[in-house]
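Each chain gets a letter, A, B and so on, in the order the sequences are listed, and its residues count up from 1. Just so we're clear, the structure is a prediction, and the values are computed from it rather than from any experiment.
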Protein chains: 2
Amino acid sequence: MAVPGRAGGRDTASQILDVAERLVQTRGFNAFSYGDVAAEVGVTKPALHYHFAGKAELGEALVARYAARFQAALEHIDATTDAAAKKLAAYADLYQQVLMEDRMCLCGMLAADYDTLPDTMRHAVVTFFDRNETWLAGVLEQGIREGTLRASGPSREIAQMVIGTLEGAMLVARTYHDSARFVTTAKCLLAELARGPGS
Amino acid sequence: MAVPGRAGGRDTASQILDVAERLVQTRGFNAFSYGDVAAEVGVTKPALHYHFAGKAELGEALVARYAARFQAALEHIDATTDAAAKKLAAYADLYQQVLMEDRMCLCGMLAADYDTLPDTMRHAVVTFFDRNETWLAGVLEQGIREGTLRASGPSREIAQMVIGTLEGAMLVARTYHDSARFVTTAKCLLAELARGPGS
DNA sequence: GTCTATAACGAGATAGAC
DNA sequence: GTCTATCTCGTTATAGAC
């Protein structure tokens, strides 16, 4: 339950979000339609427009829900894990769980679609990355204090690299249908950040 | 001229490829149309169909040209650079040049669109990554022999991480309209791989 | 090699009944 | 809250003239 709320689907709005989320994560924002979602949920297109006025509004709701769920997962890590290195591993595991459902990170996918997104969605995607960066920078600083992690530069910059590496590893691994490829990169990354004899 | 051939545009086919390439790199494969390309090149849609039967064929030609150009750039690096660490820096610089034109790597973008691509394009994208991985692994092994690079694991796995990191850093940096963000991550990555007191 | 014209389809969206 | 029916537009693609 690192990513709670996905199993849900009692009401139509949740079902719409569930289906649309999967379609965006696998096909991208410009390769899914109201028709696709409606058919899969078992309603008609106007029913979708009742719940989400347009594709922009649906997209905004998608990012908002995903970001909230991710934020909750980060808080869950903070609440249940002490060591910074373990927090980092748990963070990478969040990505891995997404990939093992054959999905790209929602915001990673939307980053690819960025130039075609409505403004509100753009801002929401950037905010998602900002929050991840802030959380990661905190974990890195904790690890440096503990002496369990090392940073060869400012913690925010290392945090940016971690996000980029995990998003990129997901992106590429999906073309190989090989989640092991992601796991390998995540392990390399964690090994690099673990306190070796560096700085 | 690390990426030769882009300036070209004598014949219509080249112009079509140039425009389509930029549109795919900025908007994705599912967010550009024959109409967009035709309008920009200054011809009509049937003229495009004359040169490239359909979107699939255009996409294949796009990846083939991009991959060939990239391959040529790698050979250029090999021919003009000795030290492995400098080759690695030159490799990261190839990505940076693409990003500074406000573009995503063509194959990174197509990786996001992967689930919606025709089969021939899928294979071409994977082959692109494979060739990059092979070249990078060779450079890493050279660096280990020289004692200028270190690898905390098998060179092919490190090569995979390098590709993932650079693709992901590009992907995210584009949402910030901030190529400096990519440069920072690339520097961190090169610093990690440079021979510190590690293995 | 490029055009006009058009076919055939799917997209996002709305009106209005129930 | 969901439906039928419809509108308008953009999409890929083809036929056939020049």
B/Tyr34 near the nucleic acid: base, sugar-phosphate alone, or nothing, with a heavy-atom cut-off under 4.0 Å?
sugar-phosphate
Are B/Asp113 and B/Arg27 ion-paired here, with the side-chain N under 4.0 Å from a carboxylate O?
no
Range on DNA chain D touched by chain A - first to last nucleotide, heavy-atom distance under 4.0 Å:
D/dG1 to D/dA5
Hey, what's the ring geometry for A/Phe128 with A/Tyr66, parallel, tilted or perpendicular (30° and 60° as the breaks)?
tilted
Figure out the CG/C1' separation between A/Asn30 and C/dG12, and round it to whole Å.
13 Å
Mind checking whether A/Tyr176 and B/Phe129 have parallel, tilted or perpendicular rings, split at 30° and 60°?
tilted
At 4.0 Å (heavy atoms only), tell me whether B/Ser33 reaches a base, stays on the sugar-phosphate, or touches nothing.
sugar-phosphate
dist B/Met170:CE -> B/Leu99:CG (nearest 0.5 Å) comes out at 5.0 Å
Under 4.0 Å, heavy atoms only, any strand: does A/Phe32 hit a base, just the sugar-phosphate, or nothing?
sugar-phosphate
Determine whether A/Val98 and A/Phe182 make a side-chain contact, defined as any pair of heavy atoms from C-beta on separated by less than 4.5 Å.
no
Starting from the 5' end of DNA chain C, give me the residue, A/Asp36 or A/Pro46, whose nearest nucleotide shows up first.
A/Asp36
Look at the side chain of A/Lys55 and the backbone N and O of A/Phe29, then say whether any donor-acceptor pair between them is shorter than 3.5 Å.
yes
Report the residues that fulfil salt bridge (charged side-chain N to carboxylate O under 4.0 Å, His left out) with A/Glu57, sequence neighbours left out, ordered by chain and then residue number.
none
Could you check whether B/Lys55 gets within reach of a base, just the sugar-phosphate, or nothing at all, counting any heavy atom under 4.0 Å?
sugar-phosphate
Separation of C/dA13 atom P from A/His51 atom NE2, nearest Å, is 16 Å
Determine, for B/Tyr114 and A/Arg174, whether the Lys NZ or Arg CZ falls below 6.0 Å from the six-membered ring centre while staying within 45 degrees of the axis.
no
Give, ordered by number, those residues of residues 109-125 of chain A having at least one heavy-atom distance below 4.0 Å to an atom of DNA chain D; if nothing qualifies, reply none.
none
